[in-house]
Amino acid sequence: GKTTTLGKIASRHLEAGRKVLLVAGDTFRAAAAEQLEVWSRRVGCDIHMGKEGADPSSVIFDGIRRGVDEGYDIVMCDTAGRLHTKKELMDELGKIGRSATKALSKGREGEHEPHDTFLVLDATIGQNAVAQAKLFKETMNFTGLVLTKLDGTAKGGVILGICDELQVPVRYIGIGEGVDDLRRFDPETFVDALLLPDGEE
């Protein structure tokens, strides 16, 4: 759901009149860049892509620098999905974070980190998500959570444990594949949906 979420958030920024650049930092999955390119065309924004199999950190560094140089308001970077148990992929994620900071800090005083880093979680994965989120937080300081696939049977109650444990807010929830199927997280509505039996108001 990461690439889809990125496309949906890009659409919101475009509607607000911002100039948006998507960066295809998932060089691991063969169709990832193509999927992001489809989203960029669908919502009407630009995309930065590296060569197939390129180092994701360098693609993200170059994409952010392009965003700065060409006056984009928003630069959004996609990264490969990864399991928290794969050490080399988690190390790569740490490197990506450092590259983004380096790109944003170039030519400026001090160190500038990305404004936001979102961890996108599938609502169907259950309690394993807490351990997963903890390890991700140790590798990269994410500022928000996005919970996807809430259109199915999953209610996503595990997110409460993650928010409590890590003190990180839920920013968005995904409820389908369409451009408009992303909602800002509303805690009251979410808790009502968790606690009320299906069909009750």
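In what follows, residues are counted from 1 in the order of the sequence shown.
- Interatomic distance, NE2 of H48 versus CD of E70, reported as 9.5 Å (0.5 Å rounding).
- Interatomic distance, H13 NE2 to M76 CE, rounded to the nearest 0.5 Å: 5.5 Å.
- Between A103 and R65, the shortest heavy-atom contact is O-NH1, 2.7 Å.
- Both L145 and L147 belong to a common hydrophobic cluster when Ile, Leu, Val, Met, Phe, Trp and Tyr are linked at side-chain heavy-atom distances under 4.5 angstrom.
- Note that CZ of R98 and CG of L93 are 9.5 Å apart. Values are rounded to the nearest 0.5 Å.
- With S11 contributing its side chain and V43 its backbone, the two residues share no donor-acceptor pair below 3.5 Å.
- Atom NZ of K19 has more than 12 heavy atoms from other residues, nucleotides or ligands within 6.0 Å.
- Tracing side-chain contacts under 4.5 Å through hydrophobic residues (I, L, V, M, F, W, Y), one never reaches F118 starting from M140; they form parts of separate clusters.
- Closest approach of A10 and L22 over heavy atoms only: CB-CD2, 4.0 Å.
- Distance check: I175 CD1 to D180 CG gives 9.5 Å after rounding to the nearest 0.5 Å.
- Summarising the geometry of F142 relative to T117, their closest heavy-atom pair is CB-O, 3.1 Å, with the distance given to 0.1 Å.
- Note: the hydrophobic cluster containing L21 does not contain V179 (ILVMFWY, side chain heavy atoms under 4.5 Å, direct or indirect links).
- Contact between S57 and E92 at its shortest, heavy atoms only, is OG-O, 4.4 Å.
- The minimum heavy-atom distance linking I64 with C77 is given by the pair CG1-SG, 4.0 Å.
- Between K149 atom NZ and E177 atom CD the span is 8.0 Å, to the nearest 0.5 Å.
- Of the candidates D91, V59, D55, T79, I96 forms a side-chain contact (heavy atoms from CB on, under 4.5 Å) with just one, namely T79.
- Atom CG of residue D26 and atom CG of residue L6 lie 11.0 Å apart, to the nearest 0.5 angstrom.
- Here the closest non-hydrogen pair linking K102 and F61 is C-CE1, 3.9 Å.
- Checked for salt-bridge contact, D78 and K2 meet the test: a charged N lies under 4.0 Å from a carboxylate O.
- Around NZ of K137, the count of heavy atoms belonging to other residues, nucleotides or ligands within 6.0 Å exceeds 12.
- Neither M49 nor Y72 shares a network with the other; the hydrophobic side chains, linked directly or stepwise wherever heavy atoms of I, L, V, M, F, W or Y lie under 4.5 Å apart, form separate groups for each.
- Judged purely by atom type and a 3.5 angstrom limit, S105 uses its side chain to pair as donor or acceptor with the backbone of H112.
- Note: the hydrophobic cluster containing L119 does not contain L89 (ILVMFWY, side chain heavy atoms under 4.5 Å, direct or indirect links).
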